[in-house]
Amino acid sequence: MHETRRNGVLRDATFPQIRDTTWPVALLPFGATEPHNTHLPYGTDTILGSEVAARVAAACIARGTTVVALPAVPFGVNTTQLDLPLTINVMPSTQLAILRDVIGSLEPHGVRGLVLLNAHGGNELRALVRELQPSTSIMLAIVNWWQAADQQAFTEPGDHAGELETAAMLHVAPHLVEPHRNAWGDGRTNPSTLEGVRTGVAWMPRRWTQATHDTGVGNPRAASAESGAAFMAQAVDRIAAFCCELAMADPQRLWAPL
């Protein structure tokens, strides 16, 4: 199978293509390697983050703004899934070190804005941005791609291998989705035994093997490739609009009267 080289995707680019263009905005997808119910692959978050980044770069370039999609970070914060086989965890402190080095690599080359394109709920990146922003002139922003579009089209979006993620994978990589829907788990979860957590007074990370029946959260069975395509198209359009805006932004006037 031969893939077409995609414009704006750093992994696919040649040196002259990068050297001869300015890249005011870069996208860095943050993924994960973890089970996704019984029907989606371990790399779901990384696959979706990479695909959204590539499509956003293409949409920006079509609008006249050169945006580059960097290779995805394939490991995420999975401290509460380590009892699931071959889940790969990296600590937030590791993510901080990676991000610091990526920023240092981009700074000399005209990148003005870096969008952390998150595809994994366990990657809570705000603390990283708060620590690194004072030491870099690059404007840092976070986009959780699954929150960038309207979820009303889904019966039950779910938050891990549910209808939304499954629909997106059916659109992007159907060959990696278990073809027999009767083999898909229903994504049932157990509630916390602590009332404060159930009512939202307190938050605690979910211990995955206690909280889930099949590692999924949310019933995926109503998912369709068509709903995944529509949702991703809207997310890409909105994220691309933000990236084009960021490319032209004045870092000294990010908050000012309009």
* To do: Evaluate side-chain contact (heavy atoms from CB on, under 4.5 Å) for Gln151 paired with Phe231, printing each intermediate quantity in order.
  => CA-CA 8 Å; Gln151 299 185 5; Phe231 181 81; 3.9 Å; yes
* Any sub-3.5 Å donor-acceptor pair from Ser50's side-chain atoms to Ile47's backbone N or O? -> no
* Could you give the distance from CD (Gln81) to OG1 (Thr215), rounded to the nearest 0.5 Å? -> 9.0 Å
* **Salt-bridge present (Arg55, Asp237; N to O < 4.0 Å)** => no
* Keeping the roles fixed (side chain from Thr136, backbone from Gln133), state whether a donor-acceptor pair exists under 3.5 Å. => no
* Under the 3.5 angstrom rule, does the side chain of Asn118 hit a backbone N or O of His120 as a donor-acceptor pair? -> yes
* Nearest heavy atoms of Leu27 and Val56, plus distance in Å -> CD1-CG1, 3.6 Å
* To do: Take atom CG of Leu86 as the centre, draw a 6.0 Å sphere, and report whether it contains more than 12 heavy atoms from other residues, nucleotides or ligands.
  => no
* Asked: Can any side-chain N or O of Ser192 pair as donor or acceptor with the backbone N or O of Val197 at less than 3.5 Å?
  -> no
* Answer yes or no: is there a donor N or O on one side and an acceptor on the other, between the side chain of Thr212 and the main chain of Trp208, under 3.5 Å? => yes
* Asked: What's the shortest heavy-atom distance between Ala223 and Ala167, and which atoms?
  -> CB-N, 3.6 Å
* To do: Quick one: pull up OH in Tyr42 and CD1 in Ile88 and give me the separation to the nearest 0.5 Å.
  => 9.0 Å
* Structure fact -> When rounded to the nearest 0.5 Å, the distance separating CG of Asn89 from OG1 of Thr33 is 10.5 Å
* Please determine if Glu163 and Arg221 form a salt bridge, counting it only when a charged side-chain N lies under 4.0 Å from a carboxylate O. => no
* Contact summary for Ala222 and Thr155, nearest pair of heavy atoms -> CB-OG1, 4.2 Å
* **Residues Asp214 and Thr38: side-chain donor-acceptor under 3.5 angstrom** => no
* Can you tell me how far the OG1 atom of Thr193 sits from the CZ atom of Arg198, to the nearest 0.5 Å? -> 7.5 Å
* Asked: Which distance, rounded to the nearest 0.5 Å, do you find between the CD1 of Ile98 and the CZ of Phe75?
  -> 9.0 Å
* Show the numbers, then the answer: is there a side-chain contact (heavy atoms from CB on, under 4.5 Å) between Asp101 and Ile103? => CA-CA 5 Å; Asp101 287 349; Ile103 291 170; over 6 Å; no
* Give a yes-or-no answer on whether the side chains of His213 and Asn190 include a donor-acceptor pair shorter than 3.5 Å. => yes
* Asked: For the side chain of Asp12 and the backbone of Arg5, is there at least one donor-acceptor N/O pair under 3.5 Å apart?
  -> no
* **Sidechain-backbone polar pair: Thr87 side chain, Leu84 backbone, donor-acceptor under 3.5 Å** => yes
* Does some side-chain heavy atom of Arg206 sit less than 4.5 Å from a side-chain heavy atom of Val217? -> yes
* Measure across Thr80 and Pro205 and return the closest heavy-atom pair with its distance rounded to 0.1 Å. => CG2-CB, 3.7 Å
* To do: I would like to know whether Glu34 and His160 meet side-chain contact (heavy atoms from CB on, under 4.5 Å); could you show each step before the answer?
  => CA-CA 10 Å; Glu34 59 177 348; His160 185 74; 3.2 Å; yes
* Asked: Is there a side-chain contact (heavy atoms from CB on, under 4.5 Å) between His36 and Asp45 once you walk through the steps?
  -> CA-CA 9 Å; His36 274 72; Asp45 294 339; 3.1 Å; yes
* Of all heavy-atom pairs between Ala53 and Pro29, which one has the smallest distance, and what is that distance? -> CB-CG, 3.7 Å
* Identify the two heavy atoms, one from Cys243 and one from Val25, that lie closest to each other, and give their separation to 0.1 Å. => O-CG2, 3.7 Å
* Asked: Looking at Asp250 and Arg112, does any basic side-chain N land under 4.0 Å from a carboxylate oxygen?
  -> no
* Indicate, with yes or no, if Val102 and Leu96 share a hydrophobic cluster defined by side-chain heavy-atom contacts under 4.5 Å among Ile, Leu, Val, Met, Phe, Trp and Tyr. => yes
* Do Leu140 and Trp255 sit in the same hydrophobic cluster, where Ile, Leu, Val, Met, Phe, Trp and Tyr count as joined when their side-chain heavy atoms come under 4.5 Å apart? -> no
* To do: Could you tell me whether the side chain of Leu117 reaches within less than 4.5 Å of the side chain of Leu28, counting heavy atoms only?
  => no
* **Pair Gln95-Asn123, side-chain donor/acceptor within less than 3.5 Å** => yes
* **same_hphob_cluster(Met139, Val111) at 4.5 Å side-chain heavy-atom cutoff** => no
* Asked: Would you say Gln147 has more than 12 foreign heavy atoms packed within less than 6.0 Å of its CD?
  -> yes
* Indicate if Val68 and Leu114 have the same hydrophobic cluster label, given that clusters are the connected sets of ILVMFWY residues with side-chain heavy-atom separations under 4.5 angstrom. => yes
* Between the side chain of Gln17 and the main-chain N/O of Thr14, is any donor-acceptor distance below 3.5 Å? -> yes
* To do: May I ask you to check whether over 12 heavy atoms, not counting those of Arg19, lie within 6.0 Å of atom CZ?
  => yes
* Structure fact -> So OG1 of Thr209 and CG of Asp83: to nearest 0.5 Å the spacing works out to 3.5 Å
* **Pair Asn219-Glu156, side-chain donor/acceptor within less than 3.5 Å** => no
* To do: Measure the acute angle between the ring planes of Trp184 and His39, then classify it against the limits of 30° and 60° as parallel, tilted or perpendicular.
  => parallel
* Say whether Val52 and Leu125 are linked into one hydrophobic cluster, either directly or through other cluster members, by side-chain heavy-atom distances under 4.5 angstrom. => no
